[in-house]
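Scroll down for the structure; my scribbles are underneath it.
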Protein chains: 4
Amino acid sequence: MRALRLLGARDMKVDDVPEPRIASPKNAVIEVTKTAICGADLLPYWGYVPDFEWGTTMGHEFVGVVKDVGTAVTQVKPGDRVVCSSMTSCGVCWACRRGMQPQCENRALFGFSGAYPRLDGGQAEQVRIPNADRDLWILPPEVSDDAGVFVADILSTAFRGLERADVSLGDTVAVVGCGPVGLMAILCARLSAGQVLAVDTVPDRLGQAKALGATAIDASAQDAVAAVMDLTAGRGADAVIECAGGAPALASAMQMARVRGGVSVIGAHFEPDFPLDAGAMFAKETTLRFSIGSPTDDRETVIDLIRLGKVDPTPTISHRMSLEEAPEAYRLFEAREATKVILAP
Amino acid sequence: MRALRLLGARDMKVDDVPEPRIASPKNAVIEVTKTAICGADLLPYWGYVPDFEWGTTMGHEFVGVVKDVGTAVTQVKPGDRVVCSSMTSCGVCWACRRGMQPQCENRALFGFSGAYPRLDGGQAEQVRIPNADRDLWILPPEVSDDAGVFVADILSTAFRGLERADVSLGDTVAVVGCGPVGLMAILCARLSAGQVLAVDTVPDRLGQAKALGATAIDASAQDAVAAVMDLTAGRGADAVIECAGGAPALASAMQMARVRGGVSVIGAHFEPDFPLDAGAMFAKETTLRFSIGSPTDDRETVIDLIRLGKVDPTPTISHRMSLEEAPEAYRLFEAREATKVILAP
Amino acid sequence: MRALRLLGARDMKVDDVPEPRIASPKNAVIEVTKTAICGADLLPYWGYVPDFEWGTTMGHEFVGVVKDVGTAVTQVKPGDRVVCSSMTSCGVCWACRRGMQPQCENRALFGFSGAYPRLDGGQAEQVRIPNADRDLWILPPEVSDDAGVFVADILSTAFRGLERADVSLGDTVAVVGCGPVGLMAILCARLSAGQVLAVDTVPDRLGQAKALGATAIDASAQDAVAAVMDLTAGRGADAVIECAGGAPALASAMQMARVRGGVSVIGAHFEPDFPLDAGAMFAKETTLRFSIGSPTDDRETVIDLIRLGKVDPTPTISHRMSLEEAPEAYRLFEAREATKVILAP
Amino acid sequence: MRALRLLGARDMKVDDVPEPRIASPKNAVIEVTKTAICGADLLPYWGYVPDFEWGTTMGHEFVGVVKDVGTAVTQVKPGDRVVCSSMTSCGVCWACRRGMQPQCENRALFGFSGAYPRLDGGQAEQVRIPNADRDLWILPPEVSDDAGVFVADILSTAFRGLERADVSLGDTVAVVGCGPVGLMAILCARLSAGQVLAVDTVPDRLGQAKALGATAIDASAQDAVAAVMDLTAGRGADAVIECAGGAPALASAMQMARVRGGVSVIGAHFEPDFPLDAGAMFAKETTLRFSIGSPTDDRETVIDLIRLGKVDPTPTISHRMSLEEAPEAYRLFEAREATKVILAP
């Protein structure tokens with residue numbers, strides 16, 4: 001079967017690989033129908049993941065149809081249309097028992113190796129699922145493959161970031177970073193927020209944020225913190241969702257929060273020494289909270305929001321391409337010429 | 001009347017000053033019966049408070065008896081035995097309406113000037129209370145003057161830190177820093193926590209922590225983070241209360257928290273660039289939350305806990321002295337030879 | 001000045017009465033610009049309120065302009081455009097300190113007597129406000145008089161009912177009773193709910209519910225409980241808001257809730273012996289919670305929701321009439337020929 | 001092996017029955033070391049359970065040692081000392097996924113039939129466990145068999161009732177009914193409550209309640225509602241835990257709650273028409289919430305509380321007898337001559 005393998009930094013190839021097979025009673029094999037490129041895919045692509053095994057099949061956002069299941073699988077059967085959580089988890093460890101899938105002691109991320117045990121991903125015609133009863137979820141008819149792909153990671157991640165931001169009805173929510181995750185955060189935030197303020201520097205992203213109902217703040221043209229203050233009677237946002245990752249976004253998010261407000265971070269962070277203004281946090285009594293997406297814990301709610309038409313992530317899809325075009329798709333995505341690319345094997 | 005005035009850095013004198021008088025309909029004057037020295041008093045004492053007006057009367061922890069009230073005061077009357085919140089607040093601004101006394105737009109701290117509008121404090125025979133209906137609270141007979149002094153600030157502050165730590169019944173709570181505030185945090189934590197782990201380096205403080213029911217960890221003799229891990233099956237504390245202030249305590253507190261755990265900071269912080277391990281926070285999905293004590297919002301509950309015998313702060317009193325001995329008392333407190341000093345005018 | 005006085009059961013008259021005057025330093029007098037009839041006004045109208053003093057001026061929903069203030073009033077001044085909470089409260093008692101305005105020890109309801117101390121209401125050209133700093137709130141320019149009238153009671157009440165229903169993003173909320181309060185509940189529920197199910201028997205009310213975004217269930221044409229089950233995969237609603245008052249509505253609301261779900265009651269209830277199916281509550285582990293509107297506690301958030309366009313109550317206004325037409329307005333309202341009537345003095 | 005079988009109403013016999021065997025890959029067999037009689041065991045004993053199959057082995061509170069496990073079991077192994085949840089559950093249904101074990105679509109209660117699918121219980125030398133990975137939990141060395149028996153049901157049930165009562169630090173908690181479950185509620189309540197008020201009529205139970213730290217109120221000698229009011233400055237309890245079951249206890253619990261307070265019911269209820277004072281609930285804005293114990297969801301926390309010495313249920317054990325004496329033990333328990341009986345096979 002065909003699969004997108006990463007052979008080295010920025011060196012990828014759609015290749016013939018052996019078809020995956022059931023290797024344990026808990027496994028399933030699914031035939032991928034749609035898969036997407038996520039910002040996190042760029043980390044191995046850029047060679048940033050220590051001990052990554054070159055040759056690993058990429059991709060942790062995918063939906064498909066169940067082809068085969070192991071003898072212990074009871075929740076899905078061949079023919080079911082399913083979405084797969086970006087990360088596998090065991091369901092029985094201390095973290096899983098508390099609904100903390102991202103902290104599972106036995107986790108692995110599809111399309112990754114090195115940082116976690118190798119787990120070949122879903123940018124391929126087929127993919128083996130380690131713990132099918134937990135990793136997979138059946139999509140209702142109202143949720144298309146295109147929409148379902150967002151449940152695997154970024155929409156669930158944004159939902160989690162909102163949930164952990166303690167937003168009350170009518171609050172002002174600022175979203176820092178309007179890439180794909182940020183746009184998902186806007187979709188979730190506008191449900192309960194009074195106003196959603198969207199901060200970025202890329203005109204196209206700001207345009208999309210505005211189309212989704214946010215007030216756009218162009219940080220390249222104005223002082224974003226001052227703009228947030230202006231729009232909140234000088235108080236700052238009740239909650240800030242940091243979706244950009246990296247130190248500058250975090251620093252500006254901290255300044256946007258009102259007294260006793262909170263910054264909920266879902267952008268990826270690796271800085272060991274971010275210069276935190278602890279004095280300001282003390283004076284303002286603010287809260288800083290980091291979260292990783294937890295699709296296995298949140299997917300039912302997220303799918304319901306799509307099914308009921310409360311949230312529609314598909315307008316953020318900028319490109320639909322074939323699996324064979326994946327290397328070109330990565331190039332577009334890396335260059336920010338594409339917002340969200342959906343690949344069909 | 002006699003009052004302890006700060007004349008310059010480390011230069012204080014018990015002096016004759018004019019008796020305070022009612023200057024607005026909302027004022028009261030109280031005759032102080034007991035007052036205590038707080039760690040925050042050392043900031044002006046050391047000359048660390050910008051624009052402090054030399055001559056300000058010290059002290060924000062005090063109880064007394066109402067001597068006189070303005071015409072608009074309805075909640076207290078002459079003869080009432082009262083505790084005064086360390087900070088005055090207006091009760092009508094946006095922050096006060098939401099139960100955020102420390103963020104009051106019209107706040108001032110007794111015994112301070114410079115950082116806030118000058119407000120002469122309670123280390124004196126008498127003190128004027130700006131907003132008596134809100135600043136004062138009548139002590140029930142079961143709560144002694146000595147115990148009541150702790151309600152003005154440090155016991156309420158510790159209570160707030162616990163409240164904002166989201167502790168569930170049976171959780172492991174680590175308290176970093178066993179000075180007076182830390183000891184109060186232990187008193188509050190042991191009510192609902194499963195185990196309380198107390199971290200410090202001063203033997204006497206660790207002894208007091210142990211006497212209050214905590215498991216003492218001597219950070220000068222062992223790796224405190226490793227000790228917390230050992231006592232929590234390698235997971236870390238469910239909640240950490242940082243009561244020491246300063247960067248080293250905060251850094252170690254962050255490492256003690258379990259995945260999805262939280263660090264609730266009530267120690268004072270002024271670092272503009274604390275080197276935060278954002279990568280670890282992201283990986284562990286932790287929460288960092290700063291709080292300032294809010295006695296006006298919390299005093300009723302705190303007083304009830306004392307009244308019912310659930311919390312008794314008085315064993316931490318190491319010295320009882322007269323107001324005239326205040327300069328010597330500050331010396332002992334600064335040298336950490338005293339844990340908590342109560343002065344009687 | 002002109003005022004609508006209730007002289008006996010169903011006997012009301014627009015009459016000349018003396019202009020109200022400041023009688024205490026905390027009072028204000030406002031000139032009413034808009035006032036509405038509330039379902040609760042029908043209780044004295046029908047003669048159901050024990051010890052009601054005939055002659056009391058009606059009305060607890062009104063907005064106006066401040067004409068005069070007492071010497072202790074600091075938060076409003078003559079000329080301010082304000083909404084008045086339906087119930088006055090002291091702000092200092094045990095209940096007020098905890099944000100429980102409806103439980104204030106010194107409460108009184110505008111336009112009522114008997115059940116509470118007499119307090120002449122706002123269906124008049126002018127009205128005296130007992131505790132102006134707390135009872136009144138300045139309307140921002142974006143909130144019209146017509147919209148502001150809803151803040152005084154029914155929109156705030158609906159908001160409170162939702163807040164106390166613990167609705168999570170995406171939940172199914174059933175609203176039982178689509179009178180004015182029920183329509184307000186739909187407006188609030190649709191912000192965070194996945195789907196809102198609206199139950200009533202009056203076609204016009206169901207039509208309005210549908211126009212506001214709810215799925216309408218006509219309880220006269222179908223089994224409403226069965227319909228809710230059908231729309232929730234047989235589980236029942238996550239939260240039910242009972243807005244009708246009375247035993248039949250409550251009984252049906254209880255049956256609509258899912259296991260571990262909750263019924264939040266904002267309809268008025270006076271039954272001393274409602275036949276509760278305690279066995280079903282035990283088996284399903286459900287929660288039943290009653291709430292009274294608390295506009296003084298919630299008005300800022302509710303006003304913000306209007307200001308930002310998240311909630312617009314004005315489409316439920318069916319009639320705009322003059323104060324002189326008030327008796328006819330009551331007749332229409334009682335006959336359910338009017339949904340919401342706004343009177344202009 | 002020997003097992004206590006219920007042959008008819010009040011007709012039980014310790015009998016020889018075949019040893020249980022592994023019948024599915026998820027099963028385990030355990031050798032029971034200690035088992036207790038629960039109030040719920042009296043329902044089939046009295047013949048109150050419709051369609052109960054005479055001959056069913058009794059008992060849902062037991063600890064033991066794993067003897068054998070099926071091929072799919074991964075969390076326990078032969079030799080492990082374990083407690084078994086009173087009710088089996090599947091772990092994958094809608095309710096289980098949300099931490100609502102008592103609402104599991106595939107639940108069955110050990111020692112019952114009729115109301116649920118038959119599941120022979122643990123008042124026997126051995127017992128088959130349907131879903132071992134979920135039903136069983138390994139006891140740490142610090143938790144004795146005697147203490148562990150309480151985790152299976154009544155201590156976990158009491159814990160759940162407290163959790164669902166929204167108790168804040170320092171609150172007054174009233175416990176209505178001081179049978180075994182009520183005593184467990186006192187043990188849990190006193191951790192975070194300011195005062196615990198215990199209501200019953202049986203002197204011995206009131207004595208035990210007092211010994212556990214509660215203030216005892218003898219409802220046969222005084223008006224219990226008035227007594228609660230006296231002890232709470234006329235306000236009522238912040239939270240009431242109803243542990244008695246039945247209408248009179250519930251009626252009195254409702255009257256004891258303060259405004260905006262809550263009644264958390266863990267007593268068993270089967271009344272289809274409890275005469276609820278809906279008018280009082282509306283006026284007081286109270287909350288009524290029913291709960292069933294959920295040991296599979298709560299056992300880790302409960303076990304930790306025992307392990308750390310925060311809770312010790314064993315002083316409530318009044319009798320230790322052999323399995324052969326079970327019929328006599330039931331007689332004592334039914335007559336309330338025994339508080340808690342532990343049987344050893």
Side-chain angles (χ1 to χ4, degrees), chain A residues 93-95 98-105 107 115 160-161 164-166 168 232-235 238 242 245-247 249-251 254 257-294, chain B residues 93-95 98-105 115 160-161 164-166 168 232-236 238 242 245-247 249-251 254 257-294:
Chain A
C93 74
W94 182 84
R98 279 153 191 79
M100 307 196 295
Q101 182 214 348
Q103 302 295 341
C104 170
E105 295 164 14
R107 66 187 171 183
R160 169 67 42 158
R164 302 241 298 164
D166 297 328
S168 299
T232 55
R235 285 191 192 118
D238 298 296
E242 198 273 82
L250 180 53
M254 294 302 293
R258 68 157 165 84
V259 294
R260 291 256 179 105
V263 174
S264 176
V265 179
I266 48 177
H269 284 267
F270 306 99
E271 317 91 277
D273 54 1
F274 171 79
L276 181 76
D277 190 341
M281 276 193 86
F282 178 60
K284 290 168 65 182
E285 301 183 280
T286 40
T287 297
L288 174 61
R289 174 172 281 165
F290 286 68
S291 304
I292 302 175
S294 197
Chain B
C93 74
W94 181 84
R98 278 153 190 78
M100 309 196 294
Q101 182 215 347
Q103 303 295 341
C104 171
E105 294 164 14
R160 171 66 42 158
R164 301 241 299 165
D166 297 329
S168 299
T232 55
R235 282 188 194 121
D238 297 297
E242 199 273 80
L250 181 52
M254 294 301 293
R258 68 156 165 84
V259 294
R260 292 256 180 106
V263 174
S264 176
V265 179
I266 50 177
H269 284 267
F270 306 99
E271 318 91 276
D273 53 2
F274 171 79
L276 181 77
D277 190 341
M281 277 194 85
F282 178 60
K284 290 169 64 183
E285 300 182 282
T286 40
T287 297
L288 174 62
R289 174 171 282 165
F290 286 68
S291 304
I292 301 175
S294 197

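Letters A, B, ... are given to chains in the order of the sequence lines, protein chains preceding strands, and every chain is numbered from 1.
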Checklist entry - To the nearest 0.5 Å, how far apart are OG1 in B:Thr287 and CZ in A:Phe290? => result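 Between B:Thr287 OG1 and A:Phe290 CZ, I get 10.0 Å after rounding to 0.5 Å.
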Checklist entry - Would you say the side-chain atoms of B:Arg164 pair up with the backbone N or O of A:Glu285, donor to acceptor, closer than 3.5 Å? => result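 Between the backbone of A:Glu285 and the side chain of B:Arg164 there is a qualifying donor-acceptor contact (under 3.5 Å).
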Checklist entry - With distance as the sole test, does A:Gln103 use its side chain to make a donor-acceptor pair with the main-chain N or O of B:Ala283 at under 3.5 Å? => result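 Yes: the side chain of A:Gln103 pairs with the backbone of B:Ala283.
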Checklist entry - Looking at residues at least two apart in the chain, or sitting in another chain, which of them share a side-chain contact (heavy atoms from CB on, under 4.5 Å) with A:Ala268? => result A:Phe270, B:Phe282
Checklist entry - Relative to chain B, which of A:Asp273, A:Asp277, A:Leu276 shows the most heavy atom pairs under 4.5 Å? => result A:Leu276
Next on the checklist: With side-chain contact (heavy atoms from CB on, under 4.5 Å) as the criterion, how do B:Val265 and A:Met281 come out once you've worked through the C-alpha distance, each side chain's angles and the decisive distance to 0.1 Å?
Outcome noted: CA-CA 10 Å; B:Val265 179; A:Met281 276 193 86; over 6 Å; no
Checklist outcome for this item: Taking every heavy atom of B:Arg260 against every heavy atom of A:Gly99, the minimum-distance pair comes out as NH1-O, 3.4 Å
Checklist entry - Relative to chain B, which segment of A:Thr286 carries a heavy atom at a distance below 4.5 Å: side chain, backbone, both, or neither? => result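 Answer is backbone: N, CA, C or O of A:Thr286 sit under 4.5 Å from chain B.
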Next on the checklist: Please identify, among B:Glu271, B:Lys284, B:Arg235, the residue contributing the most non-hydrogen atom pairs under 4.5 Å to chain A.
Outcome noted: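 The residue among B:Glu271, B:Lys284, B:Arg235 with the greatest pair count is B:Arg235.
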